[in-house]
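What follows is a set of notes on a single structure, which appears directly below.
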Amino acid sequence: KALIERLETNISEPFTLVSASTGCGKSITVSQWIEAKGHNYGWLSLDEEHNEVQVFLTYIVALFKEQWPQRTFHLESLLGGSDRPSHLISALLINDLDESHEPFVLVLDDYHVIREEKIHEIIQGIIEFPPEKFHLVILTRRDPPLKTARLRAQNKLLEIRMADLSFTSDEAKKLRSKIDSTI
């Protein structure tokens with residue numbers, strides 16, 4: 001519960017990084033937060049195919065279309081295969097999100113599979129010039145190659161690590177009691 005409140009406290013900032021090894025509860029924690037607080041969100045579980053910029057963008061547009069089915073997005077103009085610079089792609093994505101006028105959380109799960117430098121550059125552009133009502137959450141097994149020092153210094157980045165996801169002694173005791181009562 002305390003972790004969900006930490007996530008909620010940071011919602012007005014642009015970026016949350018949840019970095020921990022497999023099985024530590026990254027996805028469960030973030031999904032519980034989104035559900036508990038009722039945020040509008042898009043969740044993209046990444047895999048190897050998302051290392052292609054066009055595939056990545058196609059999925060992002062699909063998330064936007066699901067959230068706002070009546071809208072047309074500037075980002076759609078890039079889905080024909082034209083190779084645009086990452087700063088232009090970031091700008092279009094930012095403009096699309098700015099036009100929504102409602103809060104939106106984008107969760108990129110398993111970000112550690114992304115190796116494509118251009119995708120990292122696109123994400124970097126978004127966190128450097130974030131849309132007003134947008135919050136990016138990256139779930140990963142290792143820290144991504146993003147420049148986060150400025151955000152960290154300005155307290156605009158929430159970092160959740162393995163130690164944060166671990167049970168406290170009280171939580172472990174409560175879980176043990178629940179398990180014992182069901183056996």
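As the structure is a prediction and not an experimental result, all values here were calculated from the model.
At least one side-chain heavy atom of Leu63 sits under 4.5 Å from a side-chain heavy atom of Leu44. Proximity of Pro14 to Leu151: side-chain heavy atoms (C-beta onward) are separated by under 4.5 Å at one or more points. In this structure, the side chains of Thr140 and Asp110 stay at 4.5 Å or more apart for every pair of heavy atoms.
Considering NZ of Lys147 and CD1 of Ile127, their distance stands at 10.0 Å, rounded to 0.5 Å. Rounded to the nearest 0.5 angstrom, Ile119 CD1 and Ile114 CD1 are separated by 4.5 Å. Summarising the geometry, atom OG1 belonging to Thr29 is positioned 5.5 Å from atom CG belonging to Leu3; distances are rounded to the nearest 0.5 Å. In this structure, CG in Leu97 is found 7.0 Å from CD1 in Ile126, a value given to the nearest 0.5 Å. Here CZ of Phe73 is found 10.0 Å from CG of Leu93. Values are rounded to the nearest 0.5 Å.
Contact between Leu165 and Cys24 at its shortest, heavy atoms only, is CB-O, 3.5 Å. Taking all atoms of both residues into account, the shortest heavy-atom contact from Arg84 to Ile89 is O-CD1, 3.7 Å. Closest approach of Lys118 and Asp83 over heavy atoms only: NZ-OD1, 2.6 Å. The shortest heavy-atom contact between Arg161 and Ala20 is C-CB, 4.4 Å. Closest approach of Ser19 to Asp143, counting heavy atoms only: OG-OD1, 2.9 Å. Across all non-hydrogen atoms, the minimal contact from His120 to Leu146 is O-CD2, 3.5 Å.
Side-chain contact annotation: Thr22 with Arg141, donor-acceptor N/O pair under 3.5 Å present.
Hydrophobic clustering (ILVMFWY, side-chain heavy atoms < 4.5 Å, transitive): Met162 and Val18 are in distinct clusters.
Counting only distance, with no hydrogens or angles, the side chain of Asp109 and the backbone of Leu46 share no donor-acceptor pair below 3.5 Å. Panel note: side chain Asn10, backbone Leu7; no donor-acceptor pair is recorded below 3.5 Å. Lys65 places no side-chain N or O within 3.5 Å of a backbone atom of Ile60 that could act as its donor or acceptor partner. Judged by distance alone, with hydrogens and angles left aside, the side-chain atoms of Arg142 form a donor-acceptor pair with the main-chain N or O of His112 at under 3.5 Å. At distances below 3.5 Å, not a single donor-acceptor pair connects side-chain atoms of Glu99 with backbone N or O atoms of Ile94. When atom types are taken as modelled, the side chain of Asn51 and the backbone of Arg115 share a donor-acceptor pair closer than 3.5 angstrom. Remark: the backbone N or O of Ile138 is not paired with any side-chain donor or acceptor of Lys26 at under 3.5 angstrom. Side-chain atoms of Arg152 never come within 3.5 Å of backbone atoms of Leu158 as a donor-acceptor pair (strictly under, hydrogens ignored).
Between Glu8 and Arg6 no salt bridge is recorded (no basic side-chain N to carboxylate O distance below 4.0 Å). Looking at Arg71 and Glu76, no side-chain N of the basic residue comes within less than 4.0 Å of a carboxylate O on the acidic one, giving no salt bridge.
Under the ring pair (Phe, Tyr, Trp, His ring centres under 6.0 Å) criterion, the residue pairs touching residues 22-44 are Trp33-His39, with sequence neighbours excluded.
Within 6.0 Å of NZ on Lys156 lie no more than 12 heavy atoms contributed by other residues, nucleotides or ligands. In the displayed structure, Glu35 atom CD is contacted under 6.0 Å by at most 12 heavy atoms of other residues, nucleotides or ligands. Annotation: Glu66, atom CD; neighbour count of heavy atoms from other residues, nucleotides and ligands within 6.0 Å does not exceed 12.
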Worked verdict on Val53 versus Leu78 for side-chain contact (heavy atoms from CB on, under 4.5 Å): CA-CA 10 Å; Val53 175; Leu78 302 180; over 6 Å; no

Given Ser77 and Leu92, is the side-chain contact (heavy atoms from CB on, under 4.5 Å) satisfied, shown in steps? CA-CA 9 Å; Ser77 67; Leu92 289 175; 4.3 Å; yes

Please report the C-alpha distance between Leu57 and Leu75 in whole Å, then the side-chain angles of each, then the deciding distance to 0.1 Å, and finally whether the side-chain contact (heavy atoms from CB on, under 4.5 Å) criterion is met. CA-CA 8 Å; Leu57 294 177; Leu75 202 55; 4.2 Å; yes

Can you list the steps and then say if Val113 with His50 is a side-chain contact (heavy atoms from CB on, under 4.5 Å)? CA-CA 8 Å; Val113 303; His50 295 103; 5.8 Å; no

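Tested against Tyr111 for a side-chain contact (heavy atoms from CB on, under 4.5 Å), the candidates Leu139, Ile123, Leu17, Val137 yield a single pass: Ile123.
Aromatic ring centroids of Phe64 and His74 lie 6.0 Å or more apart.
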Enumerate donor-acceptor pairs with a distance under 3.5 Å from any side-chain N or O in residues 128-135 to protein atoms, sequence neighbours excluded.
{"residue": "Glu128", "atom": "OE2", "partner": "Gln124", "partner atom": "NE2", "Å": "3.0"}
{"residue": "His135", "atom": "ND1", "partner": "Glu13", "partner atom": "O", "Å": "2.5"}
{"residue": "His135", "atom": "NE2", "partner": "Thr16", "partner atom": "OG1", "Å": "2.7"}

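Ring geometry, Phe104 versus Trp68: the interplanar angle falls from 30° to 60°, so the pair is classed tilted.
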